[in-house]
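For reference, the structure is listed below as structure tokens.
Chain letters run A, B, ... following the sequence lines, proteins first and then strands; every chain starts at 1.
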Protein chains: 2
Amino acid sequence: MDADSAPDNSDLTDRGGDTIADRIFDLLSEAIISGELAPATRIREPELAAQYGVSRAPLREALRRLEERQLITRTPRMSARVTVVTPRLIGEIYTIREALEGIAARQAAAHVTDADIAHLRGLLAAHQTQFAADNVDTYRMGRSDDDFHFYIIRCSRNQALIHILCDEYYNLIRLFRLQHRHVQGRAHRAFAEHQRLVDALADRDGELAEILMRRHVAAALKGILHTLSTSSASREEL
Amino acid sequence: MDADSAPDNSDLTDRGGDTIADRIFDLLSEAIISGELAPATRIREPELAAQYGVSRAPLREALRRLEERQLITRTPRMSARVTVVTPRLIGEIYTIREALEGIAARQAAAHVTDADIAHLRGLLAAHQTQFAADNVDTYRMGRSDDDFHFYIIRCSRNQALIHILCDEYYNLIRLFRLQHRHVQGRAHRAFAEHQRLVDALADRDGELAEILMRRHVAAALKGILHTLSTSSASREEL
DNA sequence: AACCCAAATATTGTCGACAACAATCTTGAC
DNA sequence: GTCAAGATTGTTGTCGACAATATTTGGGTT
């Protein structure tokens, strides 16, 4: 919208490797979860194609994948729109998350290496220093790789679990946080919970890790619902 | 392969409504989970396009969605292949299923209507007569709508759950059953378990329904692993 | 002034064609 | 006879164009 003149396809054509459709998919995913493409934004294919300097064919393939992941919503002959994540959907997802990340934590306890534990402690340390510096009460959700939850999920070595949680549903959670200016004030408690979780993993205590993770997710949802009920009352209906 | 001459696009062009890409997606899904397109089959786009009498553009969009649902596996510049569901993946999926269908059963107990219960009992009756008639020991998994599990999942009224289980993962389970000639001999026990499950739902006992469903799924996995270990030993390595 | 209907515009869905890359076959050398 | 390198075929990825449908604009009516 603001940059319709410069077709910055440098990133697209330069980086050799996979196809344009795949790269556009990645770029659009980023654009959506970063808020560059705001929720409910109408997506006009020629506009986007021109913006990224590509044809509509690979763009449409990317859109089809985004639709499959619920990042955009399409109706047959009308323009697609960036998905608006409703509180109801977020509740459903967190219910699923609680169960699935619990399983992931349990299985992670069975598969973590000492190097994994070291890496997780490193993430915790980084978060702690970030707290001290920023003095901001938000637990910034990392960019895929450096995210705490992502790492634990991947430690489960369960491909299906990794796919559902990391690829399909975390982006929707991010999208929801984006919409609702989610300042929870739960960061310090979450940090403590993370620490205990890593301790359980270090002990290879899968049962405890599952319980802690389930509580952690449930508490996060509770926090979300709280901020939602206090802020949305003045702003909007559910 | 056997029908390269007759472009049976009658189904495609006639049925008005949604787009060709959507219809091809449905047809290909059916073709894959019915075995018409056997696992590991190489998918050549021009061939399929000619077979269905359409262009490659909508076909590729459909393929992208199939890839996203793991029904086909693609590598950037090479032909796609129908996914081969490994025993490992099936184990992962059943672990997820156990948790998620358990939740679905619990939530279904909170939302089922008397009409739903009646419909479920109708399904049970139909299955019973089918047993008596066919005298075959397989619990034929229905075509989406008339399937027992599908119906319960939908009764949960949880959109995200419905999407993951019905849209994304049940097809993979079907695909696995297709590959492994899954004759479990568990049909009668499964039928009894289904009956108790409906009873629990009729009582609106969510807690019990969840437990029963979890056991039911876990038992199914156990049966699969059993047939796998006894048959694959003589046939194939895992 | 508000509302409804028709022309004009814009956008989507689909198609055929071309370039780049992978797979296969042929040919030649050892 | 076998292996390797080059030519050939086949397939994918991408593009621009066209028809069908949705959206917007403008005009007319109550």
Could you tell me whether the phosphate oxygens of [N], OP1 or OP2, come under 4.0 Å of any side-chain nitrogen or oxygen in [X]?
X       : N      : answer
A/Arg44 : C/dT11 : yes
B/Thr19 : C/dT12 : no
A/Ser79 : D/dT23 : no

Expressed as a whole number of angstroms, how long is the span from [X]:[atom1] to [N]:[atom2]?
X       : N      : atom1 : atom2 : result
B/Glu47 : D/dT12 : CD    : P     : 10 Å
B/Glu45 : C/dG16 : CD    : P     : 15 Å
B/Arg74 : D/dT11 : CZ    : P     : 15 Å
B/Arg81 : D/dT11 : CZ    : P     : 13 Å
A/Arg56 : C/dG16 : CZ    : C1'   : 15 Å

| field | 5' priority, DNA chain D, between A/Asp22 and A/Arg42 [closest heavy atom] | value | A/Asp22
| task | On DNA chain D, check which nucleotide each of A/Met78 and A/Pro58 is closest to and give me the residue with the more 5' one. | result | A/Pro58
| said: Under 4.0 Å, counting only non-hydrogen atoms across every strand here, what does B/Leu59 touch: a base, just sugar-phosphate, or nothing? | reply: nothing
| Residues within residues 60-72 of chain A bordering DNA chain D, heavy-atom distance below 4.0 Å | none
| In terms of ring plane angle, is the pair B/Phe148 and B/His194 parallel, tilted or perpendicular, where the classes change at 30° and 60°? | parallel
| request: Give the ring-plane orientation class for B/His149 versus B/His216, where under 30° counts as parallel, over 60° as perpendicular and anything between as tilted. | output: parallel
| task | Walk me through it: do A/Asp116 and A/Thr113 pass the test side-chain hydrogen bond (donor to acceptor under 3.5 Å, both in side chains)? | result | CA-CA 5 Å; A/Asp116 289 328; A/Thr113 66; 3.2 Å; yes
| Considering all heavy atoms of both residues, which atom of B/Ala99 and which atom of A/Ile103 are nearest to each other, and what is their separation? | CB-CD1, 3.7 Å
| task | Verify, without hydrogens or angle tests, whether B/Arg64 (side chain) and A/Arg64 (backbone) share a donor-acceptor contact under 3.5 angstrom. | result | no
| So B/Glu168 and B/Arg69, salt bridge (Lys or Arg N to Asp or Glu O under 4.0 Å) or not? Walk me through it. | CA-CA 6 Å; B/Glu168 296 186 2; B/Arg69 295 198 179 179; 5.9 Å; no
| request: Please tell me which of the listed nucleotides, C/dA23, C/dC15, D/dA22, lies nearest to the side chain of A/Arg77? | output: D/dA22
| request: Could you check which of D/dC15, C/dC15, D/dT12 has an atom nearest any side-chain atom of B/Val54? | output: C/dC15
| Point-to-point distance, once rounded to the nearest 0.5 Å, from CD1 of B/Ile96 to CG of A/Leu165 | 7.5 Å
